[in-house]
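Before any comments, here is the structure.
So that the names make sense, note that chain A is the first sequence line, chain B the second, and so on, each numbered from 1.
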Amino acid sequence: MFTHNKAFQVGANFIMILLSLTCILPFILLISASITNESSLLMNGYAFFPQEISWDAYKFLLYDSSSIVRGYGITIFVTAVGTTANLLLTILLAYPLSRPDLPGKNTFSFLVYFTMLFNGGLVPSYIMWTQAFHIKNTIWALIVPSLMLNAFYVIMMRTYFTSNIPNEIIEAARIDSAGEMRILFTVVLPMSLPMIATLCLMVGLGYWNNWTNGLYYLTDSSLFSIQNILNRMLQDAQFLASGMAGEAAAELAAQLPTTGIRMGVAVLGALPIMLIYPFFQKYFVKGITIGAVKG
Amino acid sequence: MSNTPKSKRVLAFALVVLMLAVLFAGCGGGSQSTASTGSTSTASQASTGSSTAASSTAAPKDDGPATKVTLVSMTSGDSSAAPDVSAEVSKISKEKINVELNITLINQGSYKDQLNLMLSSGEDLDIFLAGLASPLATYVNNGQIIPLDDLMAQYGSSIYEALPIEYIEAGRVSGELYGLATNRDLANYYGFFMRKDLCKKYDIDYENIHDLDALEEALIKVRDGEPGMYPVASGSGGSMVSSWGWDALNDRLGVLMNCGLTDLNVVNLYETDEYRDFVTRMRKWEQMGIIMPDAANNPDTAEANMKAGKAFGGFGHLKPNTYLTKARSSTHEIAIAEIIPAFATTSNVQGLIWAIATNSKAPDKAMQMLNLMYEDPDITNLTIFGIEGTHWKFVDEANAIINYADGVDAMNTTYTPVLGWMWPNQFIGHIWEGDEPDVWEVLDNFNRSANKSMAMGFAFDNANVKNEVTACMSVLDKYHNSLMCGSIDPETTLDQFNKELYDAGLQNIIDEKQKQLDEWAAVNKK
Amino acid sequence: MSKAGKWRRFIPFYLMMIPSLIYLFINNYIPMFGLVIAFKNVNYRIGILKSPWAGLKNFEFLFRTKDAWTITRNTIAYNLVFIVLGTVIAIAVAILLNEISTRIVKNVYQTIILLPYLISIIVVSYIVMAFLSYDTGFINKTLFGAIGKEAISWYNEPKYWPFILVVVYIWKHFGYSCIIYYATVVGFDRGYYEAAVIDGATRWQSIRLVTLPMLKPTIITLTLMNIGRIFYSDFGLFYQVPLNSGPLIDVTNTIDTYVYRGLITLNDVGMSSAAGFYQSIVGFILVMLANWVVNKVDKENALF
């Protein structure tokens, strides 16, 4: 590696620390607000240390712990399956498009990119997925629509292949009479680990954060992802607080800390990612170069 | 220089043209199922069974297999027991009108989106709660609901008994009846609600406050005596109050002043003296420190602010038991100053209304079911409260007062925290403990005795002025809330506001509205 | 090589692409028939396809308003700033991250800067409110209070908001955007850097002469794709963060918020579809143009 220029290191670290502070301080505000008594929040605004601690928000959110656990379970499953499927589809599409001599490459690239520009809208998609494919109220409703392949990632992957995988290496493997599929999986992918990790992260985040698929395609609450569950609880809390629910929910309505609940929802949604992300980071290293083919 | 770029562009445009040609030619996988009635694949929807095809057109009145009717409405919280409730209701409805009812409850946060999708994709759906996602007139224009006049004449006798005739008539669009009101507060009076304890402390005779001058005096006392507390918080999403004595005629773009009680002249609300006076006073109050800062943007309700001790009270649209409902959410006893007496408009009614969808394969049975719901107390209690013993039990059977069943509370119940006002006729149902024992009679009298706007029953159809409405909405957002909360100065901005409205086409809207109103009046008011 | 042989060589590639192309066709191309909704007066009773044509009537509301220029200007201007500033900052952070020597520290930074992206925009609007609220906000109460400056009614003063919105956007996205650049930089062949060092390059020169040029394909690709979205805006950022405050609307109104404000009561599917179509077409034309320019200048890096 390089010799490390000390001044440069100090400067870089200084800037990164500043940036990190701007990111983490608001999050601390969030956490603090989620455990602050609602009235105190309204009177005094947000503070880094809660003026009056109240766990009501989390008590409300985690009340039905079995549905929360199931929600996380479903989300984890959907994210794992969906991300894997997406990764495969993306790589299998991006790699051929990155071959400079593929006939029709530009046409296909255009067809792929075109999907990013034009969108038929929700109603046609809904009609197609529910009536032609019958995914309503099935687990596939969370996996298949719109998230399983995205032109943006295909193009990113293609660009990565073109700029970071030297053609000579591929030629060398071909000379060893390896099939194209094999070349892809044994030569190209190990060299593309950083981009694959990036894709995993971004696609995974897309699945994890998605709540619209559940909103449109699920009425059976046992299939809800954690985002759907949390969002629903938040909406219910707001509905109750608005006074529109009847006498039966009066006591409940009076106690609900809607702001605290909203912050709690944000915390519960973000924390798991924070815990998993570090495990991805070890893939952000240059992959192994097969052979020592230099330019 | 290769000519690829040019040929690629040609290719690109060719593709677009080709794609559009394909669309115009009408092919594509989902096309068949967009024809709304008779879409075959809806049979696979989980909720309905196979009897729809068999029984719909051939349904004889009293025997043969029961017709399935699907009802879609809103809920909040857990309502997983809806199928059980459906089963119980079906026992009664099968016997009386040979109908099997299937209740689908959608959570209120998702209601608008899911209902739109169900209606647009031709799913199985007979009766549903309308008005929340779109104005009634929009459903009519989109061809999503059917007219009810004939059905009412044949099957709607109980409805005529349950609802006062003016409120039934208010469900009309372009002269045809499209929606049925629920028995709830169908009129509102407007005033100021505030903390009773502070009223006592400062000797505020709230019962005799009937205008803003008197209110102002009271608020100044509170402002001076309670530092750190603002006398007025905004409610109604930052607009201070939803109406202050005008009939909004659906969208506030062209209204009838004086609650619609005087005449049928559609005027620009924002140019009237009443509006100017109100917002000028609000500005004065804001400068005097009576109104909370950032009131127009505050996401919290007035009650929440009152609970936190940050506010003394707020304006609101009120009904007989408001003092109870506000007391629940603000945790203080509430005193109310009534300033604008009760009146009812078409919007009151059409804001929440039952309709029959075009998708329905058995509209006559759907109407019979609706009629039954207005007349049968057992069905009403089932649909509103759930199953006796499982979800609720009697606390005082003689007076029909109920509460949660043993071991059940608001958090763990499997059938919605009670939302009686959404169902057709909560007046014939039980009373939840904590409400006044005579709450239904009081509310019914309130509805019947309230003033009715002269335009009640008129629903504006904005199909011809959609562009102007869109442009005006943007202008409204710029000024209305801020003016109503006193955040900007009417002296400098009110004229600008009106100019922008006229530039956006307000006059066209007013003209169109007046024209429709006059036509309607010629037919309906002899 | 014979023509048949040439094509045969590519068969494995075509086979690879098939599953993905099928998905794209189903998920993206079939529903495109819905684009006709923009040109029709939809009546669900007779179905979308049989509904009468409305020509361009559904598009009128986008132009027949005095706000048409404002919303277009705002949308494009903000997006240009977001693209340029966002790219510069994302690259800078990616390079800085790469330079950090200690592995654990690097990972900690990387994790923390992703946080803003994970927080929903509504929650962000609450955080902004925590800073800008007139009486309890951090800036008015604590900061100005300490230095004796008078409170500003932030939500009523439009002039600060272009700046505020840009800061909020960059804050929310830089941690996420830099990942792509970081992954790309990490994947560069070390050989180039070693050669540069041997030639006596300083750190700064390495960055300028090796890293940046090698990032060019990525930068161009991402920028081109962003240009395609130039008529779209983040609804949450422009509607919810300013709390839909009236006086701010002239500087925060974009095409998306205008459509939302207008159609929230109308609920007209034809008009909202028309708005989407309008945004798509403009993006399409701009991308085609930009791509053509890139094709002339640097053929390898064009999108297609």
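Using a 4.5 Å cut-off between heavy atoms, A:Leu21 makes no contact with chain C at all. Of the two parts of C:Pro19, the backbone and the side chain both hold a non-hydrogen atom closer than 4.5 Å to a non-hydrogen atom of chain A. Within the 4.5 angstrom heavy-atom criterion, no atom of C:Val124 approaches chain A. The part of A:Ile15 that comes within reach of chain C is its side chain, from C-beta onward, which places non-hydrogen atoms under 4.5 angstrom from that chain. In this structure, no portion of A:Val154 lies under 4.5 Å from any heavy atom of chain C. With a threshold of 4.5 angstrom between heavy atoms, C:Leu224 approaches chain A through N, CA, C or O but not through any side-chain atom. At a 4.5 Å heavy-atom cutoff, A:Leu122 makes no contact with chain C through either its backbone or its side chain. With a 4.5 angstrom heavy-atom cutoff, C:Tyr23 touches chain A only via side-chain atoms. In this structure, chain A has heavy atoms under 4.5 Å from both the backbone and the side chain of C:Ile26. Within the 4.5 angstrom heavy-atom criterion, only side-chain atoms of A:Ser163, from C-beta onward, approach chain C. In this structure, the portion of A:Thr259 lying under 4.5 Å from any heavy atom of chain C is its side chain and not its backbone. A:Ile17 touches chain C through backbone and side chain together, each having a heavy atom under 4.5 Å away. Residue C:Lys141 touches chain A through its side chain alone, counting heavy-atom pairs closer than 4.5 Å. Interface residue A:Thr159: only side-chain heavy atoms are found under 4.5 Å from chain C. Proximity to chain C is limited to the side chain of A:Leu29, based on heavy atoms less than 4.5 angstrom apart. Looking at A:Leu184, the atoms closer than 4.5 Å to chain C (heavy atoms on both sides) all sit in the side chain, from C-beta outward. Only the side chain of C:Ile119 comes within less than 4.5 Å of a heavy atom of chain A; its backbone N, CA, C and O stay farther away. Contacts between C:Thr184 and chain A at a heavy-atom distance below 4.5 Å involve backbone atoms as well as side-chain atoms. Of the atoms belonging to A:Val112, heavy atoms from both backbone and side chain fall under 4.5 Å from chain C. Contacts of C:Ile127 with chain A are made by side-chain atoms alone, with heavy-atom separations under 4.5 Å and no backbone atom involved. Neither the backbone nor the side chain of C:Ile18 comes within less than 4.5 Å of any heavy atom in chain A. Residue A:Leu147 touches chain C through its backbone alone, counting heavy-atom pairs closer than 4.5 Å.
Of the residues considered (C:Thr218, C:Ile180, C:Thr221), C:Ile180 shows the highest number of contacts with chain A, using heavy-atom pairs under 4.5 Å. When each of C:Asn28, C:Leu115, C:Val269 is checked for heavy-atom pairs under 4.5 Å with chain A, C:Leu115 comes out on top. Ranked by heavy-atom pairs under 4.5 Å with chain A, the first of C:Ala130, C:Gly276, C:Gly137, C:Ser133 is C:Ala130. With respect to chain A, the highest number of heavy-atom pairs below 4.5 Å among C:Ala38, C:Ala183, C:Gly228 belongs to C:Ala183.
The environment of A:Phe152 atom CZ is dense: over 12 non-hydrogen atoms of other residues, nucleotides or ligands sit within 6.0 angstrom. Atom CH2 of A:Trp211 sits in a sparse spot, with 12 or fewer heavy atoms from other residues, nucleotides or ligands closer than 6.0 Å.
Here the CE-CE distance, from C:Met225 to A:Met156, works out to 5.5 Å after rounding to the nearest 0.5 Å. One finds the CD atom of C:Gln110 at 8.5 Å from the CE atom of A:Met16 (value rounded to the nearest 0.5 Å). Annotation: the span from C:Ser120 atom OG to A:Arg262 atom CZ amounts to 7.0 Å, rounded to 0.5 Å.
Formation of a donor-acceptor pair under 3.5 Å by the C:Ser20 side chain with backbone atoms of A:Leu89 is found in this model. No donor-acceptor pair closer than 3.5 Å links the side chain of C:Tyr126 to the backbone N or O of A:Leu30. Side chain of A:Glu180 to main chain of C:Phe13: no donor-acceptor pair is present (N/O by atom type, distance under 3.5 Å, no hydrogens or angles). Using modelled atom types, one side-chain atom of C:Asn27 and one backbone atom of A:Ser146 make a donor-acceptor pair closer than 3.5 Å.
At a cut-off of 3.5 Å, with distance as the only test, a side-chain donor of A:Asn13 or C:Tyr109 sits close to an acceptor on the other residue.
Ring geometry for C:Phe138 versus A:Phe48: interplanar angle over 60°, hence perpendicular rather than tilted (30 to 60°).
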Under the ring-ring contact (aromatic ring centres under 6.0 Å, His included) criterion, do C:Phe284 and A:Phe114 qualify, and how do the steps go?
CA-CA 8 Å; C:Phe284 175 70; A:Phe114 194 75; 5.8 Å; yes
